[in-house]
Amino acid sequence: MSPQPVTVADVVAELDIAYPPALAESWDKVGLICGDPDAPVSTVAFALDCTMDVARRAVEVGADMLVVHHPLLLRGVSSVAADTPKGRVLHHLITNGCALFAAHTNADSARPGVSDKLAELVGITPGRPIKPVSLGGMDAWGVHVPPAHAHEVKDALFAAGAGRIGNYAECSFEWGGTGGFTPLEGADPTDGTVGEYYSAPETRVEFVAPTRLRRALIDALRAAHPYEEPAFDVVSMEDTSDLSTAPGLGRIGELPEPMTLREFTQQVADALPETAWGVRAAGDPERLVQKVAVSSGSGDGFLGDVAKLGVDVYVTSDLRHHPVDEHLAAGGPAVVDTAHWASEFPWTEQAEGIVKRLNVNTEILRLRTDPWTVSAHPRRATTN
């Protein structure tokens, strides 16, 4: 019996595990942009942007699916007709049977993700994010149950998603005690008699669970518990995640040894894909730097954050004159400004490695979609 073909939905599922959509910023538009989820996939292509040139190249290499970082339809459009720029791209892909998928800020925040790849390239081990992102709150639960039924109630709650901490499942703590109650008129007690006080041994089971599962767990508990009215409590927890491994935008880490800003800027330029205008920096060229923050793409919104986090230099893209000038004047760390495309394109290798697990053909489309194509400096006059 031949194996089932890999489908668009299979590729989407694999990427959603690596880059959970819940990590995306509220304004973002991630996921499948066009394509039939049931369509078979034998070749997946990867790029940073879905420009017309990239779409044509994806079709040329026989891709059934194109995975990009930047969503094609991030901002609203009223038409995708073939005589509009975005419409031309979509029509070309759809006509040639190529699905389009984007993992954007969810891939920025994921561990590992875009931010980790950039951190490694510039020479640091990625640590805590600049802006941590939570997948949702956590609850602490306490459930009282007759000892003979504790196992089946726990099984039902674990099956519904309770008791997971990091790489551990079915986590719980329990101890014994005595429970008591008086069934009132209208009650249908499993144990005890209406109008008479009843007490018996009970086990308290404690566990944690995501807040988003609260309703599902209450339903599972009521279905599995032997009592008509089970006794339980649910308390919202403060975020206690380990920041060094937490998901979120940007990363912070340290170089093995201090180096000057001039040397570090050259190291960044050597590590990233080449662009026409290269890499620039702001700050004292001879200042020693070691603690580094990175944020791929447009990151000047984090200038205030990195100043508070005590870094020596901040690597990002799309920096503007006045925010940088004011940042430095306020004593903020040096900044290194890269091309947006250069800081994020290396992620395509990471995404390719994820999809390769599905045993499909993959190809990174190495078209430089950085829009800047010329860099010029004044000609220096020569004297005889």
Side-chain angles (χ1 to χ4, degrees), residues 15 19 28 30 33-34 43-75 85-90 92-93 96 98-105 107-108 112-123 264-281 294-300 315-320 335-356 361-377:
L15 289 166
Y19 311 123
D28 206 359
V30 302
I33 298 166
C34 73
T43 300
V44 181
F46 300 84
L48 190 72
D49 305 284
C50 185
T51 63
M52 193 67 229
D53 287 342
V54 168
R56 290 193 182 105
R57 183 62 181 152
V59 171
E60 287 172 6
V61 302
D64 307 296
M65 188 170 181
L66 172 61
V67 175
V68 296
H69 184 50
H70 294 146
L72 180 65
L73 303 178
L74 180 59
R75 294 175 177 84
K86 294 182 186 294
R88 275 193 293 274
V89 172
L90 286 174
H92 189 72
L93 293 173
N96 290 280
C98 183
L100 177 62
F101 176 92
H104 192 209
T105 53
D108 289 330
V114 180
S115 300
D116 299 281
K117 186 67 176 178
L118 176 60
E120 292 163 0
L121 284 172
V122 305
F264 178 67
T265 304
Q266 187 62 56
Q267 178 168 297
V268 173
D270 292 341
L272 297 186
E274 185 177 2
T275 57
W277 60 277
V279 175
R280 60 184 180 176
V294 302
S295 177
S296 63
S298 178
D300 61 3
V315 182
T316 187
S317 307
D318 303 327
L319 290 170
R320 296 172 294 158
V335 293
V336 174
D337 190 20
T338 76
H340 191 131
W341 174 83
S343 71
E344 296 182 334
F345 179 76
W347 162 81
T348 56
E349 297 178 359
Q350 184 190 93
E352 180 191 37
I354 291 164
V355 173
K356 270 186 173 179
N361 299 317
T362 59
E363 181 160 344
I364 295 175
L365 306 182
R366 300 187 182 277
L367 282 73
R368 190 171 71 190
T369 54
D370 180 56
W372 308 106
T373 56
V374 176
S375 175
H377 296 269

- Message: Using a strict threshold of under 4.0 Å (side-chain N to carboxylate O), is an ion pair present between Glu60 and Arg57?
- Response: yes

Partner of Asp270 under side chain to side chain contact (heavy atoms under 4.5 Å, CB included), picked from Gln266, Gln267, Glu274, is Gln266

*Between His69 and Asp108, do the side chains contain an N or O donor and an N or O acceptor separated by less than 3.5 Å?*
yes

- request: Take Thr362 and Thr43 through the test side-chain contact (heavy atoms from CB on, under 4.5 Å) and record every step on the way to the result.
  value: CA-CA 5 Å; Thr362 59; Thr43 300; over 6 Å; no

For Cys98 and Ala58, the nearest pair of non-hydrogen atoms, with its separation, is SG-CB, 4.4 Å

Q: Answer yes or no: is there a side-chain heavy-atom contact under 4.5 Å between Asp337 and Val279?
A: no

Note: Pro112 and Gln350 closest approach over all heavy atoms is O-OE1, 3.5 Å

request  = Ignoring hydrogens and angles, state whether a donor on the side chain of Asp370 or Thr275 is under 3.5 Å from an acceptor on the partner side chain.
outcome  = no

Margin query: Keeping Ser317 on the side-chain end and Ser298 on the backbone end, is there a donor-acceptor pair under 3.5 Å?
Written below: no

*Flag side-chain contact, heavy atom, 4.5 Å: Leu15 against Val67*: yes

Notebook entry, point to check: Going through the distances and angles, do Asp300 and Asp318 end up as a side-chain contact (heavy atoms from CB on, under 4.5 Å)?
Noted result: CA-CA 7 Å; Asp300 61 3; Asp318 303 327; over 6 Å; no

- Message: Could you check whether Thr369 and Thr51, counting side-chain N and O atoms only, form a donor-acceptor pair closer than 3.5 Å?
- Response: no

Distance col, row Cys50:SG vs Leu93:CG, nearest 0.5 angstrom, shows 5.0 Å

| said: Can you confirm whether Leu48 sits close enough to Val68 that some side-chain heavy atom of one is under 4.5 Å from a side-chain heavy atom of the other? | reply: no

So do Val336 and Val294 actually touch side chain to side chain, heavy atoms under 4.5 Å? no

When rounded to the nearest 0.5 Å, the distance separating CG of Leu365 from CG of Leu66 is 6.5 Å

Is the shortest distance from a Lys or Arg side-chain nitrogen in Glu344 or Lys117 to a carboxylate oxygen in the other one below 4.0 Å?
no

Are the side chains of Tyr19 and Trp347 in touch, meaning some heavy atoms are under 4.5 Å apart?
yes

Query raised in the report: When you measure from the side chain of Ser343 to the backbone N and O of Gly297, does any donor-acceptor pair fall under 3.5 Å?
Result: yes

Given 3.5 Å as the limit, does a donor-acceptor pair link the side chain of Ser375 with the main chain of Trp277, or not? no

| query | For His70 and His340, what are the C-alpha separation, side-chain angles and deciding distance, and is it a ring-ring contact (aromatic ring centres under 6.0 Å, His included)? | reply | CA-CA 11 Å; His70 294 146; His340 191 131; 5.0 Å; yes

- Side-chain touch Leu74/Asp28, heavy atoms, less than 4.5 angstrom: yes

### Query
Does the side chain of Leu90 reach to within under 4.5 Å of the side chain of Ile33, using non-hydrogen atoms?
yes

All heavy atoms of Thr316 vs all of Ser295, minimum pair found to be OG1-O, 2.8 Å

Rounded to the nearest 0.5 angstrom, the CZ-CZ distance for Phe345 and Arg366 is 5.0 Å

Separation between CH2 (Trp341) and CG (Leu367), nearest 0.5 Å, reads 9.0 Å

Here the gap from His92 atom NE2 to Met52 atom CE, rounded to the nearest 0.5 Å, amounts to 4.5 Å

message: Just so I know, are the side chains of Leu121 and Pro346 near enough to count as touching, which here means a heavy-atom distance under 4.5 Å?
response: yes

Distance col, row Leu100:CG vs Leu73:CG, nearest 0.5 angstrom, shows 8.0 Å

